Amino acid sequence: MVRISVDLNRCEGYGQCVFAAPSAFTLHGLEALTYLPNPPDEMRDAVHRAALACPVQAITVGVQDEPAGTTSRADRHVVVVGASLAGLKTAEALRERGFSGPLTVIGDEPHRPYDRPPLTKACVSEKLPPDRLELPVTRTLDARFLLGTAAVGLDTDRRLVRLADGAAVGYDTVVIATGTRARPYPGTTPDGVLAVRTRDDAEDLQRRLARQPRRVVVVGAGFLGGELASGLCDLGIPVTLVEAQQAPLQGPLGTTVGGVMADLARSAGVDLRLSTTVDEFVAGDDGALRQVRLSDGETVDADLAVVALGAVRNVEWLEGSAARVDRNGVHCDDRCRVLDLEGCPLPDVYAAGDVAGLPHPLFPGRRLSVEHWGNAVTQARTVAHDITRPSGEVPSPHTELPSFWSTQFGVNIKGVGFPGAADRIAVVQGTPGQGSFSVLYGLAERTVGAVTVDNGRYLHHYTALVREGAPFPPEFVTSDENTSPVVRPTGR
Amino acid sequence: MASTLLKRILHPDSRPHPWDLYADLREEVVSVQDDGTHVVSGYDEITALLRDPRVSVDRSKADADSRGGAQTQPAGQSPVFLVRDNPGHDRLRGQAMRHFGPPELADGVEALRPMVEDLVRRHVDRLTGHTEFDLVAEVAYPVPVLVVCHLLGIPFQDALALGGHAEEAVRGAEFQVDPHDPEVTAARTHAQEELSAYFAAHIERLRANPGDDMVSRMIHDDGPGGRMTMPELLGTVNMLFVGGHETTVNLIANSLLLLLRHPDQLARLRADPALAAGAVEETLRLEPSVHMRPRIAVDDIRVGDQVIPRGSSIILNLAAANRDPRRFTDPDTFDITRTDNAHLSFAGGIHYCFGAALGRLEGQIAVRELTRRLVNPRLLQDPPPYRVPADLRGPSALRLAVDGVRAA
C-alpha cells in the first residue's frame, strides 16, 4: 500500500496527476481533485510520476514509518497529545528539523493518523473506504504511538500527561493537538441521527447508506453539510438540506457565494430548506428515525439524518491545568506557545491545529482559532521550529493566512484570509452564477479575504492582496471580459 | 537605462549559452528593453504574474507600438485559447480538453502509451547498424510529429511535409531580433497558409468520414460548449499540431544532450530506469523546450519596486526563472533525483501547457528506450547547432556516436 496526500490548498487543479495516474486521481469539473489516499502497490510507479509532474508540487508520497531505534536519550522527550493531522505533522516537522529525542504521540482513536477531509467528500460520493485514509510520512518518525487512549489531564508542574487508563506519560516538552469533535445536536436524537467527524463515523454512515435510505436530512449547510449533501446526490439518494440562515455557507462566506451554492444545490436535486431549523427528530416504534419535523411546519420522511453544525474544541481534558483555555481553544502566543492564566507562556507547552487559538497580525488584539487543514500543517511547523530552535536563532512567529477549500456540487471553492469577518464583498472576476468567478472581502477599507469558485489559479494573486491589506473596494482592471464588478454587503 | 539584453539573447549567436545573459536579466526584477518590452526573469515574480488577473495573453490589448502588438491571425482561423482571455479561453480549451484529458477523458494520454512505445522502439530499431547518426533527425523529430498526427487523425505520409511548414511558421514567430523583418514574415505567412489549407481540407474529410481521433470528435461533439465553428476548429487544430510536436522535439533532444554531458546521471538512470520521470523533469527545468512566453499588462502592475505600465508588452523568461538561485538549490546542476522541482517550463495559471502530459509521456519513453539501448553513446558536437527561435530553443541536430544498438 502506498500512502499519499495532496495539499489541496496548494493544488490548482491542473490535472497532471490524473493524466499520469488516472486510477489514483480524479478531477471533477474544472479543478476539484479527489484521490485514493492509500492506493495499492501496483500504482506506485504511476503515483510517483504523478507527484513529479505536479506543477505546484502539492503531492506527498509517503515512506514506510519503521522503527529506527536511533533516538537519543540525551535529547528531550517530546509528547504530542493528538494523533491527527496536526500531531502527525508536528512529529514529522520535528524529525525534519533534526530532532533526535524520544517522541510519543497519544491518540484517543485506535487508528494511525488519517486524513479527515475525505470523510465528508470521497467517502460519501465515491464510497472510498474510511480505512484507506492513512496519512503519509515523509521520513521515519521513530515515534511511540499510544493509540486508543485519551489524555485526561495535563500536569505542567510535574510534566505529566495523564491518560484515561490511569497511566501517566512524562514529558520534557508537550504539544497539545487534540483538535475538535462534531458539535452534537442540542437535544435528544433517535438512532439514525449521526455526525461525521471520525473514521468510525464515516464507516457507520457508509453502512447505513448501503441500506438505501429513502431520504437523508442533512442539518447545517456549512462546508461539511454541503459536501455531504453533494455526495449523497452523487449516490442518487434524495437529500433535504436544512439551514437556519438565508443561504448555505452564509456565516463563513456571505450570501453572494452562498446564493450561488444554493442554486447549485437545488439544480443537483437537493431539497434545500433555508431559514429553517429542525424542531424534532421523530422516531418510529423501533426507536429509529422516521421523520424530521422542520420549523417551516413541514415534516420530511427520512430514515437517516446527518448533523453538521460545526465543531467543539477538545479542551475539557485541560480543565484544572495551568493552561488558559475556553470554548475557543487553547490560548497561545504567535509562536504557538500555550499561555497560562496570567497570559504568560508556559515553559515547553505548545498547541497546534484546530484546538489552538493564536493572534494574527491582520487582527491585532484578537485571538483566532482556525479549523482548516492548512493551519494544522503550518502551526505544526511553527511548533517544531520553536522546539528545535537553537538558542540565539530568532523565533519565527506563525503569520500564515488561513486557507481552505471545499468541493461540492461539481465546483471547487477555495479561500484565503478572513471572509467571515468582512462586511463587504466585491466581485472581481467573472459573474457569480455563470461559471468561474472570484470575490474579495473587505472590512474597514481593507481587503481581508478572497474566495474563488472554480477560479483557483488566480488565488495566489488575491492571497497577496489579503496579506498586504490592500485597499477595499479594489480598483484594478482584469483581462476577463465577462466581469460585472459589484460591491455589496457581505450579507449575514 | 533601457537594456539591450533581450536583443542579445534573440541573436542566434547566443543560442548555445543564453544563461549568463539570463543571469544578468535576473539582476533586475523587471528589465526594461530598448523596445519597451518588460522582461521578468525571477521565479517568484513569474509565478505571481502567471496567476495575476491583470495579465492578458490577448495581443490586441497591447499598445500598438509594442513588440507584442504585431500579432496577426492566420486567415480563416479565430484566435485560439493560447492567445485568448476569459471567458473565451475556458470555453475553447474545455472543448478541446474533453477529447484529450480529464475530467472527461482521464486516461486520454495513458491510452497513447502503447502507440508511443511502439513508435519509439521502431525508430530506435532503425539505428541498428549505424555507429553515427543525428538523434534529432532519426528519433527526436519524427516520433513527436507522428504522435501528434496519430492524435489528430493525420495520415503519416503527410507528417513530414506538414512538419516542415510548422518549422517555418515557428521560425517566424515573435521572438526574432526583428519581428517585422519582411522576409521572415513572408516565409511565415506562406507556411501558415499551407498549414491552414491542409487542415481545412483535413477537417472537411473528417466531417464527412469521422475517425477515432481528436479532430473527428471535436467536429462532431455537441458538448456543453456547443459545436466549434470552422474558424475555431481550424485555429485549434493548427495550434495542437504545431504546439503538439515542436516542443517535444526539443525535450527529447535536450534530455539526451544533458544525460550525455553528465555521465554520472546517465549511469544512475541506467541503474534505475524509473528515474526517467525525474530526468525529464530536470531536463525541463534546466533546458526547457520553451524559454519565454509573452504577456500584456492590462493595468499598471507593481513588481517589486517597479511598475509595468498598462498596455506594456511583457516577456516571462521561464528558462531564467528555472535557474533562479532564490528558488532552486544548485540551480545550474543537473540532478535527476531532484525533489520539489516546481519548474515553470509549462508556464502556469489558466494557460498551463495543454499537452504537458503527452510531452512528459513521450519524453519518459524516449529517454528510457534510448538510454537502455544505445551502447556507449557519445556527443560528436558539443554544443550542438541550434534551431533559430530563441523561445522554442533546442538543437537542430544532435550528432551521436555509438558502439551499437541493443535489441529491443
Side-chain angles (χ1 to χ4, degrees), chain A residues 10 12-23 25-33 44-46 48-58 61 138 410 428-431 434-438 452 454-464 474-483, chain B residues 47-58 61 84-91 94 97 100-111 274 276-278 280-281 295-301 310 339-353 356-358 360-361 364:
Chain A
R10 182 178 282 226
E12 293 182 325
Y14 294 104
Q16 298 305 303
C17 53
V18 186
F19 275 113
S23 309
F25 299 88
T26 308
L27 193 65
H28 306 265
L30 284 173
E31 59 177 41
L33 185 78
R44 187 178 293 273
D45 276 359
H48 172 68
R49 287 198 301 272
L52 282 171
C54 176
V56 288
Q57 295 289 290
V61 182
T138 55
V428 288
Q429 275 184 293
T431 302
Q434 297 173 31
S436 309
F437 67 95
S438 308
T452 58
D454 276 348
N455 220 19
R457 291 182 201 174
Y458 291 103
L459 192 59
H460 182 95
H461 177 69
Y462 299 125
T463 302
E475 284 185 8
F476 54 80
V477 181
T478 75
S479 64
D480 288 47
E481 288 140 21
N482 60 331
T483 305
Chain B
T47 297
L49 288 171
L50 287 169
R51 292 157 177 80
D52 192 323
R54 300 167 299 176
V55 173
S56 168
V57 292
D58 181 348
K61 294 176 182 173
R84 285 187 71 150
D85 297 326
N86 265 331
H89 167 272
D90 281 4
R91 177 178 63 81
M97 190 56 92
F100 182 70
E104 285 88 354
L105 210 59
D107 66 347
V109 166
E110 274 301 307
V280 165
E281 294 308 317
R295 292 290 189 271
I296 308 299
V298 297
D299 201 348
D300 289 353
I301 299 175
R310 173 180 200 153
T339 53
D340 191 25
N341 191 352
H343 59 72
L344 301 179
S345 304
F346 293 120
I350 66 167
H351 295 283
Y352 185 85
C353 176
L358 181 57
R360 286 182 158 118
L361 181 84
Q364 290 164 10

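So that the names make sense, note that chain A is the first sequence line, chain B the second, and so on, each numbered from 1. As the structure is a prediction and not an experimental result, all values here were calculated from the model.
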A.B. asks: Tell me, for Arg360(B) versus chain A, whether the close heavy atoms (under 4.5 Å) come from the side chain, the backbone, both or neither.
C.D. replies: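 Looking at Arg360(B), just its side chain touches chain A.
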A.B. asks: Using heavy-atom distances under 4.5 Å, tell me whether Ser23(A) contacts chain B through its side chain, its backbone, both, or neither.
C.D. replies: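 Ser23(A) has no heavy atom closer than 4.5 Å to chain B.
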A.B. asks: If you define the side chain from C-beta out and look only at heavy atoms, does anything of Asn86(B) sit under 4.5 Å from Ser436(A)?
C.D. replies: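 Heavy-atom side-chain distance check fails, nothing below 4.5 Å.
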A.B. asks: With a 4.5 Å cut-off on heavy-atom pairs, point out which of His48(A), Gln434(A), Gln429(A), Gln16(A) contacts chain B the most.
C.D. replies: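 The residue among His48(A), Gln434(A), Gln429(A), Gln16(A) with the greatest pair count is Gln16(A).
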A.B. asks: Return the minimal non-hydrogen interatomic distance between Tyr462(A) and Pro53(B), and the atom names on each side.
C.D. replies: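 Closest heavy-atom pair between Tyr462(A) and Pro53(B): OH-CG, 3.3 Å.
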A.B. asks: Does any backbone or side-chain atom of Asn341(B) lie under 4.5 Å from a heavy atom of chain A? Answer side chain, backbone, both or neither.
C.D. replies: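 It is the backbone, since no side chain atom gets that close.
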A.B. asks: Mind checking the NE2-CG spacing from His461(A) to Leu50(B)? Nearest 0.5 Å is all I need.
C.D. replies: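 One gets 13.0 Å once the value is rounded to the nearest 0.5 Å.
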A.B. asks: Taking side chain as everything from C-beta outward and backbone as N, CA, C, O, which of these in Asp300(B) sits under 4.5 Å from a heavy atom of chain A? Side chain, backbone, both or neither.
C.D. replies: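 Interface part for Asp300(B): neither.
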A.B. asks: Could you walk me through whether Arg49(A) and Glu281(B) pass salt bridge (charged side-chain N to carboxylate O under 4.0 Å, His left out), step by step?
C.D. replies: CA-CA 10 Å; Arg49(A) 287 198 301 272; Glu281(B) 294 308 317; over 6 Å; no
A.B. asks: With chain B as the partner, which of Thr26(A), Val18(A), Asn482(A), Leu459(A) has the greatest number of non-hydrogen pairs under 4.5 Å?
C.D. replies: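 If we count pairs closer than 4.5 Å to chain B, Asn482(A) comes out on top.
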A.B. asks: Heavy-atom distances under 4.5 Å only: say whether Ala53(A) touches chain B with side chain, backbone, both or neither.
C.D. replies: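 Its backbone and side chain both get close to chain B.
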A.B. asks: Heavy atoms only, distances under 4.5 angstrom: which of Gly29(A), Gly435(A), Ala464(A) has the most pairs with chain B? Name it, please.
C.D. replies: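 So the answer, after comparing Gly29(A), Gly435(A), Ala464(A), is Gly29(A).
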A.B. asks: Report which part of Glu12(A) has an atom under 4.5 Å of a heavy atom belonging to chain B: side chain, backbone, both, or neither.
C.D. replies: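 Side chain only.
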A.B. asks: Without swapping roles, check the side chain of Tyr14(A) against the backbone of Ile350(B) for a donor-acceptor pair under 3.5 Å.
C.D. replies: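 Side chain of Tyr14(A) to backbone of Ile350(B): no pair is present.
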A.B. asks: Identify which part of Val55(B) has an atom lying under 4.5 Å from any heavy atom of chain A, answering side chain, backbone, both or neither.
C.D. replies: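 For Val55(B), the backbone is the part near chain A, not the side chain.
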A.B. asks: Say you draw a straight line from OG of Ser479(A) to CZ of Arg295(B); how long is it, rounded to the nearest 0.5 Å?
C.D. replies: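 One finds 9.5 Å between OG of Ser479(A) and CZ of Arg295(B).
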A.B. asks: Look at Asp52(B), Val57(B), Asp58(B), Asp340(B) and state which one has the largest set of heavy-atom pairs under 4.5 Å with chain A.
C.D. replies: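 Ranked by heavy-atom pairs under 4.5 Å with chain A, first place is Asp52(B).
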A.B. asks: Check each atom of Phe25(A) against the heavy atoms of chain B and say whether the ones under 4.5 Å are side chain, backbone, both or neither.
C.D. replies: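 Looking at Phe25(A), nothing touches chain B.
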A.B. asks: Could you pull out the closest heavy-atom pair between Phe19(A) and Met97(B), with the gap in Å?
C.D. replies: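 Looking at all heavy atoms of both residues, the closest pair is CZ-SD, 4.0 Å.
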A.B. asks: So do Pro103(B) and His28(A) actually touch side chain to side chain, heavy atoms under 4.5 Å?
C.D. replies: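 No, side chains not in contact.
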A.B. asks: With rounding to the nearest 0.5 angstrom, report the CZ to CZ distance, Phe476(A) to Arg54(B).
C.D. replies: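 The CZ atom of Arg54(B) is 7.0 Å from CZ of Phe476(A), to the nearest 0.5 Å.
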A.B. asks: Out of Val477(A), Thr478(A), Leu27(A), which one racks up the most heavy-atom pairs below 4.5 Å with chain B?
C.D. replies: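 Answer, by heavy-atom pair count under 4.5 Å with chain B: Val477(A).
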A.B. asks: Just give me the residue among Ala342(B), Ala357(B), Gly349(B), Ala106(B) that pairs up with chain A most often, heavy atom to heavy atom, under 4.5 Å.
C.D. replies: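 The answer is Gly349(B).
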A.B. asks: Top residue by heavy-atom pair count (under 4.5 Å) with chain B, among Pro22(A), Ala32(A), Cys54(A), Ser438(A)?
C.D. replies: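 Top count of heavy-atom pairs under 4.5 Å with chain B: Pro22(A).
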A.B. asks: Do Pro55(A) and Phe346(B) have side-chain heavy atoms sitting under 4.5 Å apart?
C.D. replies: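 Side chain of Pro55(A) against side chain of Phe346(B), heavy atoms only: no contact under 4.5 Å found.
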A.B. asks: Does any backbone or side-chain atom of Gln364(B) lie under 4.5 Å from a heavy atom of chain A? Answer side chain, backbone, both or neither.
C.D. replies: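 Only the side chain of Gln364(B) comes within 4.5 Å of chain A.
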